[in-house]
Amino acid sequence: MAASGIPQGLAVLTGAGISADSGVPTFRGEHGLWRNFHPQELATLAAFCRDPALVWEWYEWRRGLIGDCQPNAAHRTLVKMEGAIPQFTLITQNVDGLHRLAGSQRVVELHGNIWQVRCMQEGTVTERRDHPLPEIPPRCECGALLRPDVVWFGESLPPDTLQAAFDAAQSCQVMLVVGTSGVVEPAASLPRIAKGCGARVVEVNVEATPISRYADETILGLASIELPRLWTRWQALP
Ligand code: BV8
């Protein structure tokens, strides 16, 4: 496949793998978060309504893990790409907040953000970085339960967020897919949508995924190593 320089329009889709080199556990790997839990038992509204304390204990455990993690070279490379490419959109499935911490501005957080909470009554969203939370489950001043401001399985993604992702996928020249197993929908369909609209699909992962079957280029390796290398290669080409 012919190598190419810096794309005019770049959409990036990231998954848990981009944060793996920062120490954030992925979901489906051998040490993944799901290995000891069943997502349907925890990452669903039904589970939360049934046992909000249990679900919050899982999120508090994850917030504790993620809280000490810092962005890695892969996150920082995406910040450089954003500064150099006017038509740039970063779409992430991650809820860890590391892209914003690295300095990315144009970020579409498809599945929400683990550092935000939402009132179950008023719908208001507040940032809560205090860890541990003073009470589990936390409550709003209005007395209602607060939930993590993330999208659970069986919940629709916020329409404006999803539309921004679809718009980016349909208009980009290149879609760069980094560190996702390509399992969770509708995010997993974005690279195929981009491909269908004429974009090149470039994948970075430590292993092949369902996306590899139609990607124009699959780079096997750690994102924190391969993404800086790719950026250097793009900059060196006309
Ligand atoms: C919805 C937030 C409408 C919570 C998460 C078809 C269409 C639409 C929906 C569905 C459909 N089929 C099924 C569904 C339902 C469901 C779904 O997709 N189920 C799957 C499991 C089959 N989807 C939904 O419910 C979505 N809602 O579509 O609404 C609707 C509703 C009902 C019915 C139909 C339609 C909502 C999905 C959002 C769920 N919320 N997170 C939380 O985090 O607690 S998903 C969760 O998985 C995370 O957000 C995570 O990001 C995401 C995806 O996982 P990955 O990021 O890919 O992580 P994973 O561990 O799997 O893979 C890591 C990859 O990195 C691996 O490939 C590995 O090789 C690689 N890697 C590891 N280390 C490195 C690396 N790569 C590079 N470098 C490294 N160092």
Side-chain angles (χ1 to χ4, degrees), residues 12-48 54-63 65-66 69 71-75 77-78 90-99 107-118 147-159 161-162 165-166 176-193 202-213 215 218-230:
V12 185
L13 173 67
T14 64
I18 199 169
S19 297
D21 295 342
S22 294
V24 180
T26 61
F27 287 81
R28 294 165 182 84
E30 59 181 296
H31 306 295
L33 285 171
W34 300 136
R35 201 170 65 85
N36 303 320
F37 305 98
H38 301 286
Q40 280 67 23
E41 287 174 11
L42 289 167
T44 67
L45 182 59
F48 183 77
L54 173 68
V55 173
W56 261 115
E57 279 163 22
W58 184 50
Y59 279 92
E60 275 291 80
W61 173 69
R62 289 170 64 192
R63 285 158 54 102
L65 278 178
I66 294 169
C69 296
N72 63 56
H75 297 100
T77 299
L78 294 183
L90 171 52
I91 306 159
T92 188
Q93 301 171 85
N94 299 342
V95 299
D96 58 31
L98 288 184
H99 284 302
V107 189
V108 177
E109 292 180 320
L110 279 185
H111 297 158
N113 188 314
I114 203 168
W115 299 111
Q116 293 174 180
V117 296
R118 188 164 81 235
R147 58 166 283 176
D149 188 32
V150 298
V151 179
W152 280 325
F153 288 102
E155 292 188 316
S156 297
L157 279 62
T161 303
L162 191 53
F166 282 143
L176 178 57
V177 185
V178 186
T180 184
S181 58
V183 168
V184 173
E185 295 289 359
S189 296
L190 291 169
R192 189 183 300 280
I193 290 169
V202 179
E203 180 186 30
V204 177
N205 201 308
V206 292
E207 62 185 10
T209 72
I211 295 162
S212 311
R213 293 187 206 119
T218 290
I219 301 166
L220 292 179
L222 300 175
S224 59
I225 293 173
E226 296 306 332
L227 220 46
R229 278 184 182 160
L230 177 65

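Just so you know, ligand 1 is whichever comes first in the structure, and atom 1 is the first atom listed for that ligand. Just so it is clear, the values below take in all heavy atoms, side chains as well, and ignore hydrogens, waters and symmetry mates.
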Using a 4.0 Å cut-off to any heavy atom of [X], which atoms of ligand 1 qualify?
| X | result |
| --- | --- |
| Arg62 | 42 (C), 43 (O), 44 (O) |
| Gly15 | 56 (O) |
| Asn94 | 51 (O) |
| Leu222 | 78 (N), 80 (N) |
| Pro186 | 28 (O) |
| Gly179 | 63 (C), 64 (C), 65 (O), 76 (N) |
| Asp21 | 80 (N) |
| Ser156 | 3 (C), 29 (O) |

- Message: Geometry only, no angles: is Ala223 polar-contacting ligand 1 at N/O separations under 3.5 Å?
- Response: yes
- Message: Any nitrogen or oxygen of Trp58, side chain or backbone, less than 3.5 Å from one on ligand 1?
- Response: no
- Query: What distance separates Ser224 OG from Asp21 CG, expressed to the nearest 0.5 Å?
  - Reply: 3.5 Å
- Item | Straight-line distance of Thr77 OG1 to Leu230 CG, nearest 0.5 Å | 9.0 Å
Can you confirm whether [X] sits close enough to [Y] that some side-chain heavy atom of one is under 4.5 Å from a side-chain heavy atom of the other?
| X | Y | value |
| --- | --- | --- |
| Thr161 | Glu109 | no |
| Ser181 | Asn205 | no |
| Thr180 | Thr209 | no |

Side chain of [X], backbone of [Y]: donor and acceptor closer than 3.5 Å?
| X | Y | result |
| --- | --- | --- |
| Asn94 | Asp96 | no |
| His111 | Val95 | no |
| Thr44 | Ala47 | yes |

Options [options], ranked by nearest heavy atom to [atom], top entry:
| atom | options | value |
| --- | --- | --- |
| atom 25 (O) of ligand 1 | Ala43, Ala16, Ser189, Gly154 | Gly154 |
| atom 36 (C) of ligand 1 | Glu109, Glu155, Gln93 | Glu155 |
| atom 4 (C) of ligand 1 | Val95, Asn205, Val151 | Val151 |
| atom 41 (N) of ligand 1 | Glu226, Glu207, His111, Glu203 | His111 |
| atom 60 (O) of ligand 1 | Phe153, Phe27, Tyr59, Trp152 | Phe27 |

- Task: Anything under 30° is parallel, anything over 60° is perpendicular, the rest tilted; go ahead and classify His75 against His99.
- Result: perpendicular
- Query: Does ligand 1 have a heavy atom under 4.0 Å from the side chain of Ser181, from its backbone, from both, or from neither?
  - Reply: both
- Could you tell me which non-hydrogen atom of Ala223 sits nearest to which non-hydrogen atom of Val204, and how far apart they are? CA-CG1, 4.0 Å
